[in-house]
Amino acid sequence: GYLAQKFAEYTYKCPRVASLILCNTFTDTAVFNNHESAAIFWMLPALVLKRMIMGNFGSEKVDPEMVDAIDFMVERLESLPQAELASRLTLNCLRGYVEAHKLADIPVTIIDVFDEYALSNAVREELYKCYPRAKLAHLKSGGNFPFLSRCAEVNLHLQIHLRQFDGTDLESSDRPLIN
């Protein structure tokens, strides 16, 4: 979500992003409080980096769909090489924030969960402040990966968000792009 916002911000003068759907994301890397340690990620072994990330997944009791989502993400995490892990962690820890005022004309939907996830309520509130005109889609639960554990509900909100583009140049088409 952070990277999508930064891309939209970076290209706002020559728009490449028609809308944003944000889920469990942040607008400022200050929430990680690791700015000084970002350079060290490149020297740490992959096993240490994986443990750092997996510490955010939580071990509280959750329903089977959330367990499956966590298992899937752990499996995907295991497949990442050290350089990619270090790169992702560095992105989160370098000083940066989204200049949301540059995205004021972009339709935004924020998909949010009411249960616990890795980011704090303060981060959630900051996201809401940055996008005061955003449509809010609340899910009763979903944890860190609602797009996996509650995919039917998330897909419904995606469809609702995309309806605003029906009948426009941005409408998706079933036609192949190349004949």
Side-chain angles (χ1 to χ4, degrees), residues 1-29 31 53 56-57 62-77 79-80 84 87-88 91-92 94 96-121 123-179:
Y2 176 74
L3 195 54
Q5 292 171 85
K6 290 302 286 181
F7 180 77
E9 172 195 319
Y10 184 74
T11 62
Y12 84 100
K13 288 186 179 179
C14 183
R16 302 275 193 279
V17 178
S19 70
L20 288 168
I21 301 170
L22 304 173
C23 182
N24 291 357
T25 191
F26 53 93
T27 58
D28 191 337
T29 60
V31 302
I53 295 169
N56 291 322
F57 288 175
V62 293
D63 62 52
E65 290 84 10
M66 290 170 65
V67 170
D68 288 346
I70 292 169
D71 288 346
F72 175 79
M73 292 307 290
V74 168
E75 182 182 309
R76 299 303 314 146
L77 182 64
S79 71
L80 295 177
E84 193 165 333
S87 176
R88 290 172 185 227
L91 174 69
N92 283 356
L94 291 176
Y97 62 92
V98 175
E99 296 180 53
H101 64 278
K102 292 180 178 178
L103 309 178
D105 295 332
I106 297 176
V108 176
T109 295
I110 298 172
I111 298 177
D112 207 354
V113 295
F114 285 131
D115 60 352
E116 293 298 316
Y117 66 101
L119 299 172
S120 70
N121 282 335
V123 172
R124 176 183 298 171
E125 293 303 320
E126 184 61 29
L127 183 69
Y128 291 167
K129 278 193 244 175
C130 285
Y131 300 105
R133 297 184 334 183
K135 293 180 181 171
L136 301 178
H138 292 287
L139 305 178
K140 184 177 177 182
S141 63
N144 286 312
F145 312 108
F147 45 88
L148 296 173
S149 64
R150 303 293 184 267
C151 56
E153 293 174 62
V154 169
N155 284 336
L156 177 66
H157 290 297
L158 292 174
Q159 289 175 347
I160 291 168
H161 175 85
L162 293 173
R163 279 187 192 151
Q164 64 191 307
F165 300 108
D166 286 350
T168 71
D169 293 344
L170 299 172
E171 180 176 37
S172 90
S173 156
D174 292 335
R175 292 178 282 122
L177 296 175
I178 300 174
N179 290 328

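If you're wondering where the values come from, they're calculated on a predicted model, not measured in any experiment. All residue numbers refer to positions in the sequence shown, counting from 1.
Annotation: side chain of Ser120 is not in contact with side chain of Val31 (no heavy-atom distance under 4.5 Å). Using a 4.5 Å heavy-atom threshold, the side chains of Arg124 and Leu119 count as separate. Residues Ile21 and Ile111 meet the side-chain proximity criterion, which asks for heavy atoms closer than 4.5 Å. At least one side-chain heavy atom of Ser19 sits less than 4.5 Å from a side-chain heavy atom of Phe165. Taking the side chain as every heavy atom from C-beta outward, Asn155 and Leu158 approach each other to under 4.5 Å. In this structure the side chain of Thr27 reaches within 4.5 angstrom of the side chain of Tyr131, judged on heavy atoms. You'll find the side chain of Met66 reaches within 4.5 Å of the side chain of Asp115, heavy atoms only. Contact check for Tyr117 versus Asp112: side-chain heavy atoms found under the 4.5 Å cut-off.
Using modelled atom types and a 3.5 Å distance limit, the side chains of Tyr97 and Glu126 yield no donor-acceptor pair.
Expressed to the nearest 0.5 Å, how far OH of Tyr2 lies from OG1 of Thr29 amounts to 5.0 Å. Atom-to-atom distance recorded for Leu127:CG and Leu22:CG is 6.0 Å, nearest 0.5 angstrom. Distance CG/Asn92 to CD1/Ile53: 8.5 Å, rounded to 0.5 Å. Annotation: the span from Arg163 atom CZ to Glu171 atom CD amounts to 13.0 Å, rounded to 0.5 Å. Here the CD-NZ distance, from Glu9 to Lys102, works out to 5.0 Å after rounding to the nearest 0.5 Å.
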Start with the C-alpha distance between Leu103 and Val98, add both sets of side-chain angles, then the distance that settles side chain to side chain contact (heavy atoms under 4.5 Å, CB included), and finish with yes or no. CA-CA 9 Å; Leu103 309 178; Val98 175; 4.0 Å; yes

Which is it for Phe147 and Asn24 under the side chain to side chain contact (heavy atoms under 4.5 Å, CB included) test, yes or no, and what are the steps along the way? CA-CA 10 Å; Phe147 45 88; Asn24 291 357; over 6 Å; no

Derivation and outcome, side chain to side chain contact (heavy atoms under 4.5 Å, CB included), residues Ile106 and Tyr12: CA-CA 9 Å; Ile106 297 176; Tyr12 84 100; 6.0 Å; no

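Few gaps surround OH on Tyr128; more than 12 heavy atoms of other groups in view lie less than 6.0 Å from it.
Within the 3.5 Å criterion, the main-chain N or O of Leu156 finds no donor-acceptor partner in the side chain of Gln159.
The side chain to side chain contact (heavy atoms under 4.5 Å, CB included) test with Leu20 singles out one residue from Val108, Thr25, Thr109, Ile110, and that residue is Val108.
Taking a cutoff of 4.0 Å between a charged side-chain nitrogen and a carboxylate oxygen, Glu84 and Arg88 qualify as a salt bridge.
Of all the heavy atoms in Leu148 and Ala69, the pair that sits closest is CB-CB, 3.7 Å. Of all the heavy atoms in Pro146 and Cys23, the pair that sits closest is CG-SG, 3.4 Å.
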Anything under 3.5 Å between a donor and an acceptor, one on a side chain of residues 133-141, the other on a protein residue two or more places apart or in another chain? List them.
residue : atom : partner : partner atom : Å
Arg133  : NH2  : Ala104  : O            : 2.4
Ser141  : OG   : Arg150  : NE           : 3.2
Ser141  : OG   : Arg150  : NH2          : 2.7

